[in-house]
Amino acid sequence: MSLWQPPSTLTASPFARFTATADAIDPFHFSRRPVQSLPLSATAPVGPEQPPRVIVRAASIDALPETLTQLASPRLADTPAEGVLIAIDSASDLQAVARILAAATQPPIAVLELSASLAPAAVAAASEDFKSPAIFLRSFGEDDVEPLLSFVEFTRARGHTLAIATTACALASLAPALPALGDDRLIFTLSNPAASLGNAHPHPTGAYRALVEQLRLAGSRAPLWIRNTAATTVHGDPSFLSRLLDAAILTGSLLCDGLGDLVSIETEADAPRATKVAYNVLQGAGARISKTEFVACPSCGRTLFDLQTTTQRIRAQTGHLKGVKLAIMGCIVNGPGEMADADFGYVGGAPGKINLYVGKTCVQYNIPQVEADARLISLIKEHGKWFDPAPVTAP
């Protein structure tokens, strides 16, 4: 029996309500979603020309001082957590967080996850001690138009930002209020993947895309925050590898779609580790480059030098060049095609000879391999991509 059935006999998909309007994302051409600029802080603006910003979760208010100390480590200087997320259950929690942040030196942006039981007036009164702009995160459902208007009014009046956690379904009900509000100091994120698709086994990537489509239909260009939480995991496996894969699947795929202006890996309890995972996913998606990226072929019979030792040698000399992509390729047959998006290439041209590339263009041919490392560094310097490594300080 054929597995094919006429379209009229197919069971309706739980995604059907969102497929009536075509998804605006073009899978064949990358284009980042246009968003309204948002000055979260002097060092962490959000906008169309800005990289996605990184938020990490503090385990509790009691753990917040230690989390701030960990995030201030010099080891994270090149990969900073620009926001710290804290759960807020009461007005006294807000006051406690304000006191902790006031005692810290250059703390990240406070991202305050409000309990739905907290009324706007109570939050406004308890947040008077916040000296710097904060992000207030709250979930809004289909019937929450009035609370939404109240929170928008309060946060804008105090110079704060409101992060609206919602679903595509709920946003369709809230959408009539959005044009009058505008996009100033608003962020959107997903509140509940299960509710957003009406499916017992929801796909969080699809839920985020559905939310973005509803924002497009509503005419909103507010930034999008991608959150990796327990609700967005695929299997709920507590292992680190599973958390890493979940982040790559959700955040990585959305970034490759051109979506996402803030990201958080909330499934990782260790704040420095969560920060590093976020930056690794951003680097892998090409959304935010924080370290040197190396591309190397797997080697084959045509490889004209020892690929492993050569790669390690070049990496030792250039690994401090953040934002530079270097390719080390064994031969001229497939190497130039495989390294097409690299900034610089080191390619075997003949036995004992190396060709150097800038982008896709070969600029130096048949250099003796003993000279090639120094020539590569000179080439990087010529194109303004070189800087000396920071001096190593004693522990």
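Everything numeric here is computed off the predicted structure, so don't read it as measured data.
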Expected output: side-chain His160 to main-chain Ala134 donor-acceptor under 3.5 Å: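 Between the backbone of Ala134 and the side chain of His160 there is a qualifying donor-acceptor contact (under 3.5 Å).
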Side chain Gln317, main chain Arg313, donor-acceptor under 3.5 Å: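 It does hold such a pair.
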For the [atom1] atom of [X] and the [atom2] atom of [Y], what is their distance to the nearest 0.5 Å?
X: Leu356; Y: Glu371; atom1: CG; atom2: CD; value: 10.5 Å
X: Thr229; Y: Leu190; atom1: OG1; atom2: CG; value: 8.0 Å
X: Glu128; Y: Leu94; atom1: CD; atom2: CG; value: 11.5 Å
X: Ile249; Y: Leu254; atom1: CD1; atom2: CG; value: 11.5 Å
X: Phe136; Y: Arg158; atom1: CZ; atom2: CZ; value: 8.5 Å
X: Asp257; Y: Ser31; atom1: CG; atom2: OG; value: 11.0 Å

[X] side chain to [Y] side chain, donor-acceptor N/O pair below 3.5 angstrom:
X: Arg185; Y: Thr161; answer: yes
X: Arg375; Y: Gln364; answer: yes
X: Asn228; Y: Thr267; answer: no
X: Ser239; Y: Asp237; answer: yes

Val56 vs Leu85 side-chain heavy atoms within contact, under 4.5 Å: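 Val56 does not reach Leu85 side chain to side chain.
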Any Arg209 side-chain heavy atom under 4.5 Å of Ile25 side chain: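 A side-chain contact exists here, since the closest heavy-atom pair is under 4.5 Å.
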Please list, one pair per line, the donor and acceptor atoms closer than 3.5 Å that link side chains of residues 328-350 to other protein atoms, with sequence neighbours excluded.
from: Asp341; atom 1: OD1; to: Lys325; atom 2: NZ; distance (Å): 3.3
from: Asp341; atom 1: OD2; to: Lys325; atom 2: NZ; distance (Å): 2.6
from: Asp343; atom 1: OD2; to: Lys325; atom 2: N; distance (Å): 2.7

Trace of the side-chain contact (heavy atoms from CB on, under 4.5 Å) decision for Thr318 with Phe294: CA-CA 10 Å; Thr318 61; Phe294 295 92; 3.4 Å; yes
Distance under 6.0 Å and angle within 45° of ring axis: Arg32 vs Phe30: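 Cation-pi check for Arg32 and Phe30: fails.
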Cation-pi check, Arg273 onto Phe240 ring (under 6.0 Å, within 45° of axis):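 Yes - Arg273 lies over the ring of Phe240, closer than 6.0 Å to its centre and within 45° of its axis.
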Qualifying residue for side chain to side chain contact (heavy atoms under 4.5 Å, CB included) with Leu162, from Ile187, Leu148, Leu114, Asp184: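 Looking at Ile187, Leu148, Leu114, Asp184, the match for Leu162 under the side chain to side chain contact (heavy atoms under 4.5 Å, CB included) is Leu148.
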Qualifying residue for side chain to side chain contact (heavy atoms under 4.5 Å, CB included) with Tyr208, from Leu259, Thr189, Thr251: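 Among the candidates, only Thr189 passes.
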Take atom [atom1] in [X]; do more than 12 heavy atoms of anything else shown fall under 6.0 Å from it?
X: Asn366; atom1: CG; value: yes
X: Arg315; atom1: CZ; value: no
X: Glu382; atom1: CD; value: yes

Test side chain to side chain donor-acceptor pair (under 3.5 Å) applied to Asp89 and Ser115, step by step: CA-CA 5 Å; Asp89 295 321; Ser115 167; 4.7 Å; no
